[in-house]
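Report on the structure given below.
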Amino acid sequence: MSGTLSTAGRAPVPMLDLTPEVEALWPELAAAFERVMRSGQFVGGPEVVAFETEVADYLGVKHAVALNSGTDALVIALRALGIGPGDEVITTPFTFFATAEAIAHVGATPVFVDVDERSFNLDASLVEAAVTPRTKAVLPVHLYGRPADMDAVMDVAGRHGLKVVEDCAQSFGAAWRGRKTGSIGHVGTFSFYPTKNLGAFGDGGLLATDDDVVAAAARMLRDHGSERRYVNVILGYNSRLDALQAAMLRVKLPHVDAWNERRRDVARRYGELLQGVAGVVAPEVTPEHVFHQYTVRVPSLRRDALRERLARAGVSTMVYYPVPLHRLPVFSHLGASCPVSERLAGEVLSLPVGPMLRPEAQLAVAAALRDAAREADA
């Protein structure tokens with residue numbers, strides 16, 4: 001195929017289509033919905049407790065505290081660890097805003113350390129040089145579903161007495177050296193936004209930990225800082241997961257491993273289809289990666305022009321993320337230097353992905369990308 005791109009003969013390919021997943025699980029989802037509706041218990045209660053028990057067992061942690069978003073999970077994790085004004089938290093600038101936003105919300109300062117260009121994750125070899133007397137924690141992000149180098153992160157943290165908070169918003173079900181992400185650091189935080197590998201039908205989040213004190217603090221913080229009704233010990237939040245979302249997540253949880261394996265299959269197929277496409281660098285496929293996003297690099301092509309050509313061919317794409325956090329107005333005063341993140345922000349392109357993505361859709365994406373790359377390079 002060559003020449004001007006056209007949608008003729010091609011069905012549009014969205015970034016993620018959730019309807020096949022819903023259809024496949026409809027009887028179980030409908031039964032869970034009816035169970036909650038007939039129970040009259042819509043916030044907290046047995047559905048939430050059951051989900052917390054089941055997800056803690058899946059992750060291999062002692063405590064799972066259900067919350068109303070991944071952002072709140074980060075904020076509550078930091079507060080439960082006692083991190084606040086005057087403290088510093090080392091993290092990556094190549095992630096969604098909420099990671100650093102949560103650090104700032106508790107009064108601490110995010111210290112941005114650059115990323116590794118192959119994994120897109122925090123470069124652990126640079127972390128130690130960023131430690132100061134004010135550093136209290138390291139917050140790695142398992143970006144796109146690929147685990148960060150947790151051995152190296154934990155090693156540095158151990159030597160300096162730092163806490164480790166894992167941002168697992170994109171990595172539910174991923175593992176590092178046989179341990180699920182979120183179970184390796186002192187605290188793991190998760191998002192159940194609908195597009196996640198384990199997604200709710202609205203917002204939702206989770207904090208995972210083996211620390212009894214942290215878990216108790218998180219449970220107080222999610223419920224206005226109260227130990228029991230009307231006895232408020234600290235200033236907290238209204239961050240409870242509702243029973244309906246918990247019930248839906250309970251239906252989906254047993255399917256996550258199979259869905260993640262399908263995502264890896266999709267990634268392998270993309271790797272084969274994109275071989276030889278000039279200017280496109282595909283990510284490596286590892287058994288640990290759960291491919292929340294399938295993100296290529298286009299270092300020698302004009303990425304935004306490429307996106308426009310793909311859009312004309314009916315292929316949806318996204319850029320995660322076009323501006324590294326240290327370059328945003330809210331954090332630019334920190335003066336961080338992260339050249340790899342800045343370069344990647346101009347090169348990354350996420351293609352349609354998901355456990356239900358059909359092979360013929362992938363063929364269409366690869367053909368459109370091949371045409372677009374050829375035209376862009378002309």
Side-chain angles (χ1 to χ4, degrees), residues 59-61 73-75 77-96 98-104 106-171 174-190 207-211 213-214 286 288-289 324-326 331 334-342 344:
L59 294 171
V61 296
L74 287 164
V75 171
L78 292 167
R79 281 200 58 191
L81 289 169
I83 295 167
D87 296 335
E88 293 178 349
V89 178
I90 295 171
T91 193
T92 166
F94 199 58
T95 180
F96 182 59
T99 304
E101 181 186 31
I103 295 169
V106 302
T109 299
V111 175
F112 296 114
V113 166
D114 215 347
V115 299
D116 171 74
E117 69 177 354
R118 288 181 60 210
S119 70
F120 308 116
N121 285 321
L122 185 69
D123 188 338
S125 70
L126 303 177
V127 170
E128 193 148 30
V131 176
T132 74
R134 293 196 297 168
T135 307
K136 295 297 186 294
V138 183
L139 206 169
V141 178
H142 305 301
L143 197 70
Y144 305 147
R146 178 171 181 167
D149 185 345
M150 290 305 296
D151 289 348
V153 170
M154 295 302 291
D155 182 57
V156 174
R159 288 201 305 273
H160 293 275
L162 307 178
K163 300 297 185 182
V164 175
V165 178
E166 298 177 69
D167 185 337
C168 309
Q170 300 181 6
S171 70
W176 176 260
R177 306 285 194 246
R179 296 178 64 185
K180 291 287 195 296
T181 57
S183 71
I184 304 163
H186 298 89
V187 184
T189 63
F190 296 85
L207 180 153
T209 185
D210 287 327
D211 190 313
V213 174
V214 168
T286 69
E288 297 84 12
H289 200 327
L325 301 187
H326 69 293
F331 293 129
L334 297 174
S337 175
C338 301
V340 176
S341 296
E342 291 170 22
L344 290 175

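This is a predicted model, so every value here is computed, not measured.
Side-chain atoms of Thr92 and Phe112, non-hydrogen and from C-beta on, never get closer than 4.5 Å to each other. By the 4.5 Å heavy-atom criterion applied to side chains, Asp211 and His186 are not counted as neighbours. Proximity of Leu74 to Leu139: side-chain heavy atoms (C-beta onward) are separated by under 4.5 Å at one or more points. Between Leu143 and Asn121, the closest side-chain pair of non-hydrogen atoms falls below 4.5 Å. Side-chain atoms of Cys338 and Pro324, non-hydrogen and from C-beta on, never get closer than 4.5 Å to each other. With a 4.5 Å cut-off on side-chain heavy atoms, Val138 and Val127 count as touching. Contact annotation: the side chain of Leu334 never approaches that of His326 to less than 4.5 Å [non-hydrogen atoms, C-beta and beyond]. Under the 4.5 Å side-chain criterion, counting only non-hydrogen atoms from C-beta, Val340 is not in contact with Asp116.
In terms of heavy-atom proximity, Thr189 sits nearest to Ala77 at CG2-CB, 3.8 Å. Minimum interatomic distance between Val156 and Ala124 (heavy atoms only, all atoms of both residues): CG2-O, 4.4 Å. The two residues Leu207 and Ala73 have their closest heavy-atom pair at CD1-O, 4.1 Å. Taking each heavy atom of Val106 and Pro85 in turn, the nearest pair found is O-CD, 3.4 Å. Looking at every heavy atom in both residues, Ala174 comes nearest to Pro147 through CB-CG, 4.0 Å. Closest non-hydrogen pair, Ile184 versus Arg179, comes out as CA-NH2, 3.7 Å.
Counting only residues at least two apart or on different chains, the salt bridge (Lys or Arg N to Asp or Glu O under 4.0 Å) pairs with a member in residues 124-135 are Glu88-Arg134, Glu128-Arg159. Residue pairs meeting the side-chain hydrogen bond (donor to acceptor under 3.5 Å, both in side chains) criterion with at least one partner in residues 141-154, sequence neighbours excluded, are His142-Glu166, Arg146-Glu284, Asp151-Trp176, Asp151-Arg177.
Applying the side chain to side chain contact (heavy atoms under 4.5 Å, CB included) test between Pro110 and each of Ile103, Leu325, Ile90 identifies Ile103 as the sole match.
If you take OG1 on Thr209 and CG on Leu59, they are separated by 11.5 Å, rounding to the nearest 0.5 Å. Note that OG1 of Thr95 and CZ of Phe120 are 13.0 Å apart. Values are rounded to the nearest 0.5 Å. In this structure, CG on Leu344 lies 10.5 Å from CD on Glu342, to the nearest 0.5 angstrom.
Among residues two or more places apart in sequence or in another chain, the salt bridge (Lys or Arg N to Asp or Glu O under 4.0 Å) test is passed with Asp87 by Lys136.
Around atom NZ of Lys163, no more than 12 heavy atoms belonging to other residues, nucleotides or ligands sit under 6.0 Å away.
Remark: the Thr181 side chain and the Ser171 side chain contain an N/O donor-acceptor pair separated by less than 3.5 Å.
Side-chain atoms of Asp114 come within 3.5 Å of backbone N or O of Ser341 as a donor-acceptor pair.
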